[in-house]
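Owing to the predicted nature of the structure, the values given are computational and were not obtained by experimental measurement. Each ligand, and each atom within it, is numbered from 1 in the order the structure gives.
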Amino acid sequence: MNKEVDGRCAAYRAVIAGTGSFTPKKILTNEDLSKMVDTSDKWITVRTGIKRRHITEDNETTAYLAIEAAKIALAEAGLSGKDLEIIIVATITPEMVFPSTASFVQKELKAKKAFVFDLAAACSGFIYSIAIAQQFIESGRYENCLIIGAETLSKITNYKDRTSCILFGDGAGAVVLERAKDGNKGVLYSTMGSDGEVWKALNCQAYGSRYPARKKLDDPNKIYMEIHGREVYQQAVRKIVTTVQKCLKECDIEIDDIAMLVSHQMNARIIESAAKRLKLPDEKVFVNIQEYGNTSAASVPIAFDDCRKQGKIKKGDLVILVAFGAGLTWGANVVQL
Ligand code: UT7
C-alpha cells in the first residue's frame, strides 16, 4: 500500500534504515523457574505466553547488549559509528548511575560526532525515543539517529518472588533512522502519554535519591522490581486499544490498512485481547514473548527486528509499534516501511 497517511506531510521523514537485536546466550526456562519458586510451566504459559527468557551472565552489561544490537542495525543501514549524529538508549537498567549507557555505546562505536543520552520511560522508552528522534530529523537539522532499547532486568529481578521473576528477560534491539525526502515512508506519526499517579504499580525503588545506596534499606527487597500486575492488566489492554485507535484517527487510516501490530511484549493475553478489540486478525499481530519474556524498553525493537527478519513485514507495509508500562507510560509510532 502506498497511501498518504499524514495530512501534515513533513518535508523530511525519519526512515527505518536498519534494525538489529541481540540477546544473551544463557536461557532461563519455565522449568528452571519452577525449581526456584512455587510455579509451573503451565501457569506461566497460560497466564503470560512466556516459555523462556535470555539472561545475562554477571559480566554481561546493558551497554554490551546495546552495542551488539547497534552493530547489526548499523551494518544493515550501511553506516558506521562515525556517521552518527544522535544516539539514544532507552533503558531502566543503565550501565551505571552516570554517565549514560549511551556514552558507552558512543565510545565503542567511535561515534565522535554524535550527541548521546539515555531515556527512562520503562517499557515505552523505545517508542518515546523514536518520537523524539522523529522531531530532530523532521526539523531538517539532523540526518540520522541510532535508537537502542536495552535492558538487563535480571539484575533487578527477585528470583524468590514468583509474581515478578517469571516475567522478565534481558536483551537489546536497535533501529537506525535516516532522513529522507520521500513523504510516504518512515515514521509518520507518534503519540505518547503518562500517568505518574500510578507509579507504584510497577517500580524498583532503590537505589536512587529517595533510597541512596549508602543508607540501610527498611526493606531489602526495594532493590528489586515490584509489580502489581493485576492492578494494571485491564489498563494495559485499554491503553493499547485507545492508543492504536488514536493512531488510526490521526493518520486517517482504517485498521485494515495496518499490516502488523508490533506491541510491547508484556503478556500474550494482553496483546491478544487488545488485538481482538481492535478486530485485528492473528496474522497481523506479532508475538515473540514465548522466547524473551518481558524485556521492557528492549521489547518493541527486538520484536520489530524479529518481525522484519522473519519476513512478516515488507517494504511499503504500514506498521504500528505500541507500548505500555511503568510510569505509567504508553505510546505508539506509525511507521511505513
Ligand atoms: O511491562 C509492563 C507492563 N506490564 C503489565 O502491564 C503486566 C500486566 N499484568 C500481567 O501481565 C498479569 O497480571 C500477570 C502475568 C503479572 C499476573 O497474571 P494474573 O492472571 O493477573 O494473575 P494474578 O496476579 O491475579 O494471580 C492469580 C493467582 C494468585 O493466587 P490466588 O490469590 O488466586 O490464590 C497468585 O498468587 O496466581 C498466583 N500466582 C502464581 N501462581 C503460580 C502469581 N504468580 C504465580 C506464579 N505461579 N508465578
*asked:* Heavy-atom distances under 4.0 Å decide this one: backbone, side chain, both or neither, for Thr48 against ligand 1?
replied: side chain
*Do any nitrogen or oxygen atoms of Asn267 lie less than 3.5 angstrom from nitrogen or oxygen atoms of ligand 1?*
yes
*For the pair Glu272 and Arg269, find out whether any cationic side-chain nitrogen is under 4.0 Å from an anionic carboxylate oxygen.*
no
*Taking only heavy atoms of Arg47 into account, list the atoms of ligand 1 that are under 4.0 Å away from them.*
19 (P), 20 (O), 22 (O), 27 (C)
*asked:* If you take the centroid of each ring, where Trp contributes its six-membered ring, are Phe115 and Phe136 closer together than 6.0 Å?
replied: yes
*Thinking salt bridges, do Arg308 and Glu76 make one under a 4.0 Å N-O criterion?*
yes
_Closer than 4.0 Å to some heavy atom of Ile166 - which atoms of ligand 1 meet that?_
48 (N)
*Could you pull out, from Arg230, Met266, Arg162, the option with a heavy atom nearest to atom 25 (O) of ligand 1?*
Arg230
*Starting from atom 7 (C) of ligand 1, find the nearest protein heavy-atom neighbour and note its residue, name and distance.*
Ile227 CD1, 4.0 Å
_Polar contacts were defined as any N/O atom of the residue lying under 3.5 Å from an N/O atom of the ligand; does this apply to Gly229 and ligand 1?_
yes
*Centres of the Phe286 and Phe304 rings: under 6.0 Å?*
no
*Should Asn294 be counted as touching ligand 1, given the test is an N or O pair under 3.5 Å?*
yes
_Could you tell me, atom by atom, which parts of ligand 1 come under 4.0 Å of a heavy atom of Thr39?_
42 (C), 46 (C), 47 (N), 48 (N)
*Report the part of Ile270 in contact with ligand 1, treating N, CA, C, O as backbone and CB onward as side chain, heavy atoms under 4.0 Å; options are side chain, backbone, both, neither.*
side chain
*Can a protein heavy atom be found under 4.0 Å away from atom 39 (N) of ligand 1?*
yes
*Tyr12 ring centre to Arg179 NZ or CZ under 6.0 Å, with the angle to the axis within 45°?*
yes
*Enumerate the atoms of ligand 1 whose separation from the nearest heavy atom of Val232 is less than 4.0 angstrom.*
6 (O)
*Would atom 27 (C) of ligand 1 count as contacted, meaning some protein heavy atom under 4.0 Å?*
yes
*Okay, side chain of Gln265, backbone of Ser263: is any donor-acceptor separation there less than 3.5 Å?*
yes
_atom 34 (O) of ligand 1 within contact range, any protein heavy atom under 4.0 Å_ = no
*Under 3.5 Å: donor-acceptor pair, side chain of Asn158, backbone of Cys165*: no
_Check this for me: does any side-chain nitrogen of one of Asp306 and Lys309 sit under 4.0 Å from a carboxylate oxygen of the other?_
no
*At a 4.0 Å cut-off, with the gap strictly under it, does some heavy atom of His264 reach an atom of ligand 1?*
yes
*asked:* Pair Thr93, Lys155 - check side chain to side chain donor-acceptor pair (under 3.5 Å), show working.
replied: CA-CA 8 Å; Thr93 45; Lys155 296 184 197 267; over 6 Å; no
*Check ligand 1 against Asp38 and write out every atom of the ligand that is under 4.0 Å from a heavy-atom position of the residue.*
42 (C), 47 (N)
*Return yes if some donor-acceptor pair links the side-chain N/O of Ser299 with the main-chain N/O of Thr295 below 3.5 Å, else return no.*
no
*Can you label the angle between the Trp330 ring and the Phe324 ring as parallel, tilted or perpendicular, going by 30° and 60°?*
parallel
_Atoms in ligand 1 flagged as close to Tyr233, the criterion being non-hydrogen separation under 4.0 Å_ = 9 (N), 10 (C), 12 (C), 13 (O)
_Under-4.0 Å protein heavy-atom contact, atom 22 (O) of ligand 1_ = yes
*Counting from 1, what ligand 1 atoms have a heavy atom of Cys123 closer than 4.0 Å?*
1 (O), 2 (C)
*Looking at atom 31 (P) of ligand 1, would you say a protein heavy atom lies below 4.0 Å from it?*
no
*Charged N-O contact under 4.0 Å between Lys113 and Asp83*: no
